[in-house]
Amino acid sequence: MATRSPIVQTIETFILDQERRHPAATGELTNLLYDIALGTKLVAAAIRRAGLVDILGSAGETNIQGEEQQKLDVYANDCMKNALAATGRVCVLASEEDEQMTTFSTTSDARYAVLIDPLDGSSNIDVNGAVGTIFSIYRRVSTGPEGELADVLQPGREQVAAGYVMYGSSVMLVYTTGHGVNGFTLDPTIGEFLLSHSGIRIPEVGKYLSVNESNFPRWSSGIQRAVRAFHGEKPEVMAGKNSRYIGSLVADFHRNLVAGGVFLYPGDSRKPEGKLRLAYEANPMAFIVEQAGGAATDGVTRIMDLVPTELHQRTPLVIGSRRDVEFVATVLEAPAS
Ligand code: AFP
């Protein structure tokens, strides 16, 4: 009897299928997503060799082949920028690693503005922890000869696509174009991302709580009350959750997206705006989580309705299972008892 080969869908065929369902699509966004996927494959390959850096030479040194070693976050930034820059599809590229955005002289095809966090959670590299690349794509709004700041300072609700790649025990790419959320796992033997998690939905109530509790004394009393409720202090209003915190947004977010949970990085008395960046981290994750049935706020206000005024602006972030995120807003809005 003939054996049938398993039906696998690569990210390329999946994106093409999606494009066919939208007759107005020109294919430019499809190509842009390919470019990003390619850049992340190069980053993934470099991360796999990260532990060898002591053998091959550390950053700033030359390795045994006489090549200059680059720090991984610098390398990831270069990889992603190179993958996007030469394509002619992007009018402006902003990276969390760079102070200034990069603008390109445009052709009529350069219809997109892209923001990237090339290696989020990079302090985890030294301990062999999971890290990620986050991306966010907007339609160009400027009309001049080059992309402009206005193209990358749009509210998150204007995103046309967003996603992340998690470099963990396997490499996974998760993205949305506003029609649900799908996840692809890199098969290293063939170098392809294969559809592994289709139509991801986040549970309405999560079982995990992800927050850096060392900041507890510096939080507002409202955030302290909400977190105590998540600990199980008020079982009549909120069932207690399990704590899980890696300190790498992509990894913490991904676990909660798949298994259900809430992630908080609130402001505190030292950092009133919190730590995370609105444009590079909060907005793309907010788009993904909403598309999966979850929610994202700065505590009270929907993340994707915030209007950015600066490229590297920070925002408090509460993101994950919808009812947990709403619970935080209810607690923050309630008069302190
Ligand atoms: P690094 O890239 O410096 O490791 O920061 C990671 C990050 O931006 C985000 O991925 C984490 O969720 C958050 O910071 C962790 O911050 P704390 O170490 O303050 O908990």
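Because the structure is a prediction, the values reported are computed rather than measured. Remember, it's 1-based here, ligands and their atoms both numbered in the order they're listed.
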Q: For the pair Arg111 and Glu28, find out whether any cationic side-chain nitrogen is under 4.0 Å from an anionic carboxylate oxygen.
A: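 Salt bridge flag = no for Glu28 with Arg111.
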Q: When you compare the side chain of Leu209 with that of Asn242, does any pair of heavy atoms fall below 4.5 Å?
A: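 Heavy-atom side-chain distance check fails, nothing below 4.5 Å.
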Q: Give the C-alpha distance, both sets of side-chain angles, the deciding distance and a yes or no for side chain to side chain donor-acceptor pair (under 3.5 Å) between Thr330 and Glu326.
A: CA-CA 6 Å; Thr330 312; Glu326 287 169 0; over 6 Å; no
Q: Determine which pairs satisfy salt bridge (Lys or Arg N to Asp or Glu O under 4.0 Å) with at least one residue from residues 153-164, sequence neighbours left out, and list them in order.
A: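 The answer is Arg157-Asp305.
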Q: Kindly print each ligand 1 N/O atom paired with any protein N/O atom under 3.5 angstrom away, one pair per line, or none if nothing qualifies.
A:
from     : atom 1 : to     : atom 2 : distance (Å)
ligand 1 : 2 (O)  : Gly121 : N      : 3.0
ligand 1 : 2 (O)  : Ser122 : N      : 3.1
ligand 1 : 4 (O)  : Ser122 : N      : 3.4
ligand 1 : 4 (O)  : Ser123 : N      : 3.1
ligand 1 : 4 (O)  : Ser123 : OG     : 2.5
ligand 1 : 5 (O)  : Lys275 : NZ     : 3.4
ligand 1 : 8 (O)  : Glu281 : OE2    : 3.2
ligand 1 : 10 (O) : Asp120 : OD1    : 3.4
ligand 1 : 10 (O) : Asp120 : OD2    : 2.6
ligand 1 : 10 (O) : Leu249 : N      : 2.7
ligand 1 : 12 (O) : Leu249 : N      : 3.3
ligand 1 : 14 (O) : Lys275 : NZ     : 2.9
ligand 1 : 16 (O) : Lys275 : NZ     : 3.0
ligand 1 : 19 (O) : Tyr265 : OH     : 2.6
ligand 1 : 20 (O) : Asn212 : ND2    : 2.7
ligand 1 : 20 (O) : Tyr245 : OH     : 2.5

Q: Using the ring of each side chain (for Trp, its six-membered ring), is Phe230 parallel, tilted or perpendicular to Phe327, with breaks at 30° and 60°?
A: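 It falls in the tilted class, 30° to 60°.
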Q: State, yes or no, whether a side-chain contact exists between Ile223 and Leu332 at a heavy-atom distance under 4.5 Å.
A: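 Ile223 vs Leu332: side chains touch.
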